[in-house]
Amino acid sequence: MACLRRRKDDGKLLYISGSYPASPEGIAASAGMLLDAMAGMGMKEHIKLLTTDLPVIKNHMKQSDSIQVTYLDNWKISIKNIQNYLRILKDDKITVIHMEYPGDCYGKTLLASILPLVTRLWNMGKKNKISFNVRLHEFTCARLIRKAAIIPILLFADSVYVPALRDRKAAARIAGKRVKKTIIGANIAVCPAEKERNGKTVISYFGSVYPGKGIERMLKLWKQIRDRDGENRFEFKIIGEVNPDNDNHFSEYHKKVIAWLEEYGMREVVKITGYVTDEEVSGEIRNSQVATLLYEDGLTLRRGSFLAYLTHGIPIVTTNGDEEAAELLEGHDGIFMSDSDDELLAKVYEFVEMDESEAAGIHKDNREIAKYFSWDEIAKTFLGDYGLL
C-alpha cells in the first residue's frame, strides 16, 4: 500500500459506536476493526471514541492499546447527554464524525438517531462545520421501531454509507445522493490453531440467531442429512448463542429455535456453542467442512458470518444473493447460491465428498476472494472521503 499521510491542519475524528468489543454482537466487532485500521494509518492521536459505559466495553479498552475514549452511561435524550456531546465537539476540536449504526448497546433510545440533527444545529453560524457521516449496517431488514429510528439519520447525516445494495436503494429514496456504497470486512480473524480431528464431518452455522437468518429452514436441511447418516459421520454446530432464558430482543425467537430442535429430533444432535471468544469462533470455523447460511433475504455483502467463513476458506452453501454478490462471486466454485432446498442439499454432499486437491483449491480461492474485504482498504476509503489523508 502506498505511504499515507494525515493532513497537517485537520482536527480530530469523533468515532461513535454504541457497541464496541467485547460486546457480543457483530457490529461491535466490526466497529472495533474499522477503528483499529483507521488508527493504524497515523490517526491514533487524532481519533476520539464515544461509546457506552458498560463493564464489558471498559474492560476491553483497559486491556488494549486504546485511543482516547469517552463513555456515555446511557443513550437517552436528555439535556445532560446533549451537553456532554456538544462539549466533546468543542473541547476536542472535532472536524469529522463517523458513527456506526445500529447496535444493541445504543439501547432503545433515540439519542444516536438525532445526533446528526444536533450536529447540524451546532454548525449553524460557524465557518468550520463538522461533517457527520454514518455507516448504516441495516435498513430494510430492521424491525419497525429501529427502521423509524433510522429515518432522522437519513434526513440529517451528511453522508450515509450502506453495504447492502437493497438497503442502499431504499435509503437513497430518502437521502438521495448522500447515500454511498461501502463494504464491510470480516469480523473474525484466522487464528493459527490446529484443526480438531475427531473423525466427524462438521456442518456449521456461525452468527447471531434471530429472525431472517433462515434457521428453521437450515435445521430442516440438517435433519435430512442426519436422517440419511447411517454411519453417524456428520456433526452439526450452531456457533453462536441460543438462550431462551436471556432477557433480550430475541429470547422469544430462541424459544422457537429450541422448539424446532425438539420437533425435528435434533435437540441432542446439534451442538450450540453459546457466546465464545473470537479465537474460539475461528477454531470452530476452521474445523467446519461446510457452512450453511440460508438467509431469508438472500446473500448480501454486509453479512459478517459469510465473510468469516470466506476468510477461513470454508465452502459455503447459501441462498441466492443480490446483484453485487452474484457479480463478485460468479465463477468461484467455493460459494454455492440457490433457493432450491434440493440443490442446496446436493451441494452440501458435493462439498463434503471433495478430494484433498479439490478442497485445497476451494479453500485457496475463497481466501483470495476475502482479500477484497480488507479493513485497511475500507479505512483508507473513509479517511480519504473525510479529507483526513
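Owing to the predicted nature of the structure, the values given are computational and were not obtained by experimental measurement.
Only one option out of Arg302, Arg135, His137 pairs with Ser30 in a side-chain hydrogen bond (donor to acceptor under 3.5 Å, both in side chains); it is Arg135.
With ring centers used as reference points, Tyr161 lies under 6.0 Å from Phe382. Two rings, from Tyr210 and Tyr253, have their centers 6.0 Å or more apart. No close placement of the Phe306 and Tyr295 rings is indicated, their centers lying 6.0 Å or farther apart.
Side-chain contact check for Thr70 versus Ile88: some heavy-atom pair is nearer than 4.5 Å. Taking the side chain as every heavy atom from C-beta outward, Leu50 and Tyr15 never approach each other to under 4.5 Å. Using a 4.5 Å heavy-atom cutoff, the side chains of Ser78 and Gln83 are not in contact.
One finds a salt bridge joining Lys181 and Glu324 here, because a Lys/Arg side-chain nitrogen approaches an Asp/Glu carboxylate oxygen to under 4.0 Å. With respect to the salt-bridge test (charged N to carboxylate O, under 4.0 angstrom), the residues Arg178 and Asp158 do not qualify. With respect to Asp376 and Lys380, no salt bridge is recorded, no charged nitrogen being found less than 4.0 Å from a carboxylate O. Under the 4.0 Å criterion applied to side-chain N and carboxylate O atoms, Arg233 and Glu353 are assigned as salt-bridge partners. Taking the charged nitrogens against the carboxylate oxygens, Glu235 and Lys271 have no contact shorter than 4.0 Å, which rules out a salt bridge. Using a cut-off of 4.0 Å between Lys/Arg side-chain N and Asp/Glu carboxylate O, Lys48 and Asp92 are scored as salt-bridged. Using a 4.0 Å cut-off between a side-chain N of Lys or Arg and a carboxylate O of Asp or Glu, Lys12 and Asp91 do not qualify as a salt bridge.
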Item to complete: Given side chain to side chain contact (heavy atoms under 4.5 Å, CB included), test Tyr101 with Glu138 step by step and report yes or no.
Response: CA-CA 8 Å; Tyr101 194 85; Glu138 63 179 45; over 6 Å; no
Worksheet entry | Criterion side-chain hydrogen bond (donor to acceptor under 3.5 Å, both in side chains) on Glu100 and Ser17, from CA distance to verdict | CA-CA 5 Å; Glu100 297 284 297; Ser17 182; 5.7 Å; no
Worksheet entry | Derivation of the salt bridge (charged side-chain N to carboxylate O under 4.0 Å, His left out) call for Glu231 and Lys200 | CA-CA 10 Å; Glu231 299 177 356; Lys200 297 284 189 179; over 6 Å; no
